[in-house]
Number of protein chains: 2
Amino acid sequence: MNAPAPMLRLTTQRQVILEELSKVKTHPTASEIYDMVRKRLPRIGLGTVYRNLELMAENGMILKLEVGGTQKRFDATTDNHYHIRCARCGKVDDLEIPVFNTLTEEASTASSYQILGHHIEFTGICPECQKIQEDEYEE
Amino acid sequence: MNAPAPMLRLTTQRQVILEELSKVKTHPTASEIYDMVRKRLPRIGLGTVYRNLELMAENGMILKLEVGGTQKRFDATTDNHYHIRCARCGKVDDLEIPVFNTLTEEASTASSYQILGHHIEFTGICPECQKIQEDEYEE
DNA sequence: TATTAATAAGGAATCATTATCAGTATAATA
DNA sequence: TATTATACTGATAATGATTCCTTATTAATA
């Protein structure tokens with residue numbers, strides 16, 4: 001059915017993308033990663049960044065976050081954890097609360113889907129944007 | 001700061017969009033809603049559908065789902081509930097498990113964000129796609 | 001080292017969504 | 001009811017994110 005997956009070469013581009021993504025605690029979008037990587041590889045193409053993020057996500061090397069907002073975000077930490085997204089600026093951070101492994105079982109009994117996993121996304125206002133909002137009130 | 005919100009007129013287009021969205025239990029995308037509405041209003045524009053879905057979401061009449069996948073989805077049921085998305089066909093269904101209101105408080109203590117809410121999205125394979133996968137194995 | 005398969009870069013193409021604008025419909029009120 | 005102000009529509013253009021395509025490179029290995 002599926003063609004055999006080609007072996008992944010560890011090219012310079014791929015390595016740098018992975019390194020830069022691992023450096024940050026945020027969850028950058030493809031074009032943010034492109035900007036980060038371009039400082040070290042000025043001739044890299046945006047398409048290369050997209051292709052490799054996709055390939056590495058398929059191989060479980062990184063996580064592609066299917067969160068709200070218009071752009072997909074990527075994460076070098078692959079173990080399950082939850083996220084919080086700023087409703088104002090769109091930034092995504094990790095949330096340090098334990099993962100509810102029981103949720104998947106609970107969902108299995110409530111649904112005819114074959115459950116694969118779950119993700120919790122909180123919405124809020126980040127500290128920076130809280131400040132900006134306060135300033136706006138003062139004007 | 002913000003201009004006063006204009007009053008919302010209940011135009012035919014708006015009414016039909018709301019009616020069609022209320023008819024279905026799924027969570028259609030804007031273009032799916034466009035197709036549904038066009039059977040009754042053949043001359044409606046796609047932009048009108050987008051504009052009105054956005055306005056009605058701002059007014060709390062419907063829910064704009066910030067779920068994974070490339071397209072936004074809309075929901076006529078505005079009370080908080082969780083969703084499950086098919087990893088294969090992208091369909092989104094409701095999940096009948098109770099909402100964890102305590103989660104928001106828990107997140108508040110774990111984060112410096114001002115928490116507004118949360119959403120849980122399960123991933124799985126819908127019954128239809130399970131069938132298709134079984135058929136593929138037999139070949 | 002020669003072969004070949006995966007990969008890169010660059011640009012075109014696509015898809016979803018938003019913005020613009022000119023004309024129309026509706027509500028407010030004179 | 002006529003006038004005026006404003007919301008709204010439909011068509012189309014513009015934008016933004018992502019994917020696709022083509023040709024040239026590059027890494028693995030025979």
Side-chain angles (χ1 to χ4, degrees), chain A residues 2-21 27-59 61-62 64-74 85 89-92, chain B residues 2-18 20 27-59 61-62 64-74 85 89-92:
Chain A
N2 298 329
M7 72 154 287
L8 277 198
R9 290 181 187 164
L10 191 57
T11 62
T12 310
Q13 289 84 346
R14 212 160 272 170
Q15 213 170 322
V16 172
I17 290 170
L18 192 55
E19 281 173 19
E20 291 300 314
L21 182 58
H27 304 75
T29 62
S31 71
E32 285 169 352
I33 295 166
Y34 177 54
D35 289 339
M36 291 153 63
V37 168
R38 218 166 12 158
K39 289 176 186 158
R40 290 172 60 186
L41 303 175
R43 301 192 49 84
I44 196 171
L46 179 58
T48 302
V49 173
Y50 270 103
R51 182 169 8 88
N52 284 323
L53 288 171
E54 191 63 40
L55 279 169
M56 292 193 285
E58 279 172 17
N59 276 260
M61 300 165 68
I62 63 171
K64 178 165 65 169
L65 303 185
E66 297 271 358
V67 296
T70 49
Q71 289 170 275
K72 285 183 184 126
R73 291 174 176 274
F74 297 86
R85 183 164 55 88
C89 69
K91 186 174 62 174
V92 174
Chain B
N2 298 325
M7 71 155 285
L8 276 199
R9 291 179 185 164
L10 190 57
T11 63
T12 310
Q13 290 85 344
R14 216 159 267 173
Q15 213 171 321
V16 171
I17 290 170
L18 193 55
E20 291 300 312
H27 305 73
T29 63
S31 71
E32 284 168 352
I33 294 166
Y34 177 54
D35 288 339
M36 290 153 64
V37 168
R38 219 167 11 159
K39 289 176 187 158
R40 291 172 58 186
L41 304 174
R43 301 193 50 84
I44 196 172
L46 179 57
T48 302
V49 173
Y50 270 102
R51 183 167 7 89
N52 283 323
L53 287 171
E54 190 63 39
L55 279 170
M56 290 194 286
E58 279 173 18
N59 276 259
M61 299 166 67
I62 65 171
K64 179 165 66 170
L65 304 185
E66 298 271 357
V67 297
T70 49
Q71 290 169 274
K72 288 188 181 120
R73 292 174 175 275
F74 297 87
R85 184 164 54 88
C89 69
K91 185 173 62 173
V92 175

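Just so it is clear: chains get the letters A, B, ... in the order the sequence lines come, proteins before strands, and each one is counted from 1. Remember, predicted model here, so these are calculated numbers, not experimental data.
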(message) What is the distance, to the nearest angstrom, from the CZ atom on A/Arg14 to the P atom on D/dA28?
(response) 11 Å
(request) Using a strict 4.0 Å threshold on nitrogen-to-oxygen distance, state whether B/Glu20 and B/Arg40 make a salt bridge. (result) yes
(request) Would you indicate whether the side-chain heavy atoms of B/Arg38 and B/Asp35 approach each other to under 4.5 Å? (result) yes
(request) Please determine which of A/Leu41, A/Ile33, A/Val16 meets the side-chain contact (heavy atoms from CB on, under 4.5 Å) test together with A/Val49. (result) A/Ile33
(request) At under 4.0 Å between heavy atoms, which parts of nucleotides 21-30 of chain C does protein reach? Answer with one letter per nucleotide, 5' to 3': B base, S sugar-phosphate only, - none. (result) -----BS---
(message) One thing to verify: whether A/Glu58 and A/Lys64 come together as a salt bridge, which I'm taking to mean a side-chain N less than 4.0 angstrom from a carboxylate O.
(response) no
(message) With a 4.5 Å cut-off on side-chain heavy atoms, are A/Lys72 and A/Leu53 touching?
(response) no
(request) Calculate the interatomic distance between B/Leu55 atom CG and D/dC8 atom C1'; express it in whole Å. (result) 10 Å
(message) Expressed as a whole number of angstroms, how long is the span from B/Tyr34:OH to D/dT9:C1'?
(response) 13 Å
(message) What is the distance, to the nearest angstrom, from the CD atom on A/Glu32 to the P atom on D/dT18?
(response) 11 Å
(message) Rounded at 0.5 Å granularity, tell me how far CG in A/Leu8 sits from CE in A/Met61.
(response) 6.5 Å
Just the atom pairs and distances: protein N or O near nucleotides 9-18 of chain C's N or O, under 3.5 Å.
{"residue": "C/dA9", "atom": "OP1", "partner": "A/Gln13", "partner atom": "NE2", "Å": "3.3"}
{"residue": "C/dA9", "atom": "OP2", "partner": "A/Gly45", "partner atom": "N", "Å": "3.3"}
{"residue": "C/dA9", "atom": "OP2", "partner": "A/Thr48", "partner atom": "OG1", "Å": "2.8"}
{"residue": "C/dG10", "atom": "OP1", "partner": "A/Arg43", "partner atom": "NH2", "Å": "2.8"}
{"residue": "C/dG10", "atom": "OP2", "partner": "A/Arg43", "partner atom": "O", "Å": "3.2"}
{"residue": "C/dA16", "atom": "OP1", "partner": "B/Gln71", "partner atom": "OE1", "Å": "3.4"}
{"residue": "C/dT17", "atom": "OP1", "partner": "B/Lys72", "partner atom": "N", "Å": "2.8"}
{"residue": "C/dT17", "atom": "OP2", "partner": "B/Tyr50", "partner atom": "OH", "Å": "2.3"}
{"residue": "C/dT17", "atom": "O5'", "partner": "B/Tyr50", "partner atom": "OH", "Å": "3.3"}

(request) Answer yes or no: is there a side-chain heavy-atom contact under 4.5 Å between A/Lys91 and A/Arg85? (result) no
(message) Output the rounded distance in Å from CZ (B/Arg38) to P (D/dA11).
(response) 11 Å
